[in-house]
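Input: a single structure, listed below in structure tokens.
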Amino acid sequence: MKIGVLISGRGSNLQSLIDATAEPGFPAAIALVISNIPDVYGLERAKLAGIPTRVVDHKSFAGDKAAFEDALHAELSAAGVELVCLAGFMRLLSAGFVNRWHDKLINIHPSLLPAYKGLHTHQRAIEAGEKFGGCTIHFVRPAMDDGPIILQAPVPIIAGDTPDTLATRVLVEEHRIYPEAVRLIASGRVRVDGERALVDQNK
Ligand code: GAR
């Protein structure tokens with residue numbers, strides 16, 4: 001399965017996908033990496049791995065979100081992408097784009113959804129006295145951080161945790177479950193039924 005990865009920054013989750021897809025027998029390959037921000041380190045990671053990259057800079061579309069998303073769609077389609085992976089892509093995608101990639105667009109979010117949608121997830125979880133933070137891989141729907149949950153990993157919140165210390169431990173789990181979710185989807189083990197993702201772990 002050809003995947004496209006959308007990034008906005010350092011691309012550590014992209015790196016976990018690069019590493020996984022390099023393993024023999026992995027059922028997906030990265031066809032294209034797109035960043036909406038020029039010169040981010042994630043683009044370097046892709047180039048070092050010999051993966052084609054594009055910059056589709058939202059700022060060059062003068063607020064025309066539909067045109068920005070049309071450009072993203074055109075690049076992904078031209079590369080033959082079958083599954084789009086948002087990996088720290090920090091632009092909200094509108095219903096037009098999301099519906100064109102229905103059940104073919106996944107995201108990683110640093111909380112146990114549906115708790116803590118949006119930003120500053122670790123800080124908010126610590127302040128609320130939660131005992132667990134974590135991360136979620138989900139199919140994308142038009143509402144922010146919404147959609148059928150594919151995989152989650154809980155991470156204990158321990159005394160003295162700061163948003164940074166928690167983020168570091170959650171990131172370890174992000175890098176484990178994102179490639180795993182792609183592997184499951186690319187091997188046909190995930191289907192969506194009534195807005196719930198059913199994962200066949202035993203096939
Ligand atoms: C990751 O922690 C990811 O879960 C988060 O941004 C970080 C990107 O790091 N995504 C979101 O907050 C999306 N709402 P990375 O660039 O090193 O992969």
Side-chain angles (χ1 to χ4, degrees), residues 3-22 28 30 32-49 51 53-58 65 68-69 72 83-95 97-98 101 105-128 130 132-157 161-182:
I3 66 175
V5 185
L6 270 51
I7 62 169
S8 300
R10 66 188 170 181
S12 72
N13 278 290
L14 165 66
Q15 188 68 54
S16 75
L17 294 172
I18 291 172
D19 294 346
T21 52
I30 304 174
L32 181 63
V33 171
I34 304 178
S35 175
N36 67 306
I37 298 179
D39 300 325
V40 293
Y41 186 61
L43 289 167
E44 286 309 309
R45 295 180 190 267
K47 284 174 193 160
L48 285 169
I51 297 166
T53 63
R54 300 277 186 282
V55 173
V56 180
D57 185 349
H58 60 281
K65 194 166 186 177
F68 167 64
E69 293 180 350
L72 289 178
L83 176 72
V84 180
C85 302
L86 306 180
F89 184 71
M90 303 309 272
R91 303 298 295 176
L92 278 179
L93 293 163
S94 66
F97 183 93
V98 169
W101 291 92
L105 173 61
I106 63 176
N107 180 43
I108 185 157
H109 182 75
S111 77
L112 295 173
L113 290 173
Y116 304 108
K117 299 177 179 187
L119 299 174
H120 310 301
T121 54
H122 302 312
Q123 184 182 335
R124 288 156 57 213
I126 291 168
E127 283 173 4
E130 300 275 2
F132 287 91
C135 50
T136 301
I137 311 288
H138 64 99
F139 287 108
V140 175
R141 294 294 183 258
M144 182 185 67
D145 298 326
D146 186 41
I149 291 168
I150 303 162
L151 291 177
Q152 291 186 305
V155 173
I157 296 175
D161 254 339
T162 66
D164 282 348
T165 60
L166 179 56
T168 300
R169 295 202 313 285
V170 171
L171 211 51
V172 173
E173 293 301 300
E174 294 189 35
H175 298 162
R176 183 176 66 79
I177 68 170
Y178 213 166
E180 177 63 7
V182 171

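Just follow the structure's listing: the first ligand is 1, and inside any ligand the first atom is 1.
- Scored by the side chain to side chain contact (heavy atoms under 4.5 Å, CB included) test, Leu112 finds Phe132, Gln152, Pro154 as partners (sequence neighbours excluded).
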Working for side-chain hydrogen bond (donor to acceptor under 3.5 Å, both in side chains), residues Ser12 and His175
CA-CA 8 Å; Ser12 72; His175 298 162; 2.9 Å; yes
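- Using a 30° and 60° split on the angle between ring planes, Phe68 and His58 fall in the perpendicular class, above 60°.
- Legend: residues meeting side chain to side chain contact (heavy atoms under 4.5 Å, CB included) with Asp57, ordered by chain and number and at least two apart, are Pro38, Val55, Lys59, Ser60.
- At a 4.0 Å heavy-atom cut-off, the residues surrounding ligand 1 are Arg10, Gly11, Ser12, Asn13, Gly88, Met90, Ile108, His109, Pro110, Leu171, Glu174, listed by chain and number.
- Under the side chain to side chain contact (heavy atoms under 4.5 Å, CB included) criterion, Lys47 pairs with Glu44, Thr53, sequence neighbours left out.
- Thr21 places a side-chain N or O within donor-acceptor distance of the main-chain N or O of Leu17, the cut-off being under 3.5 Å.
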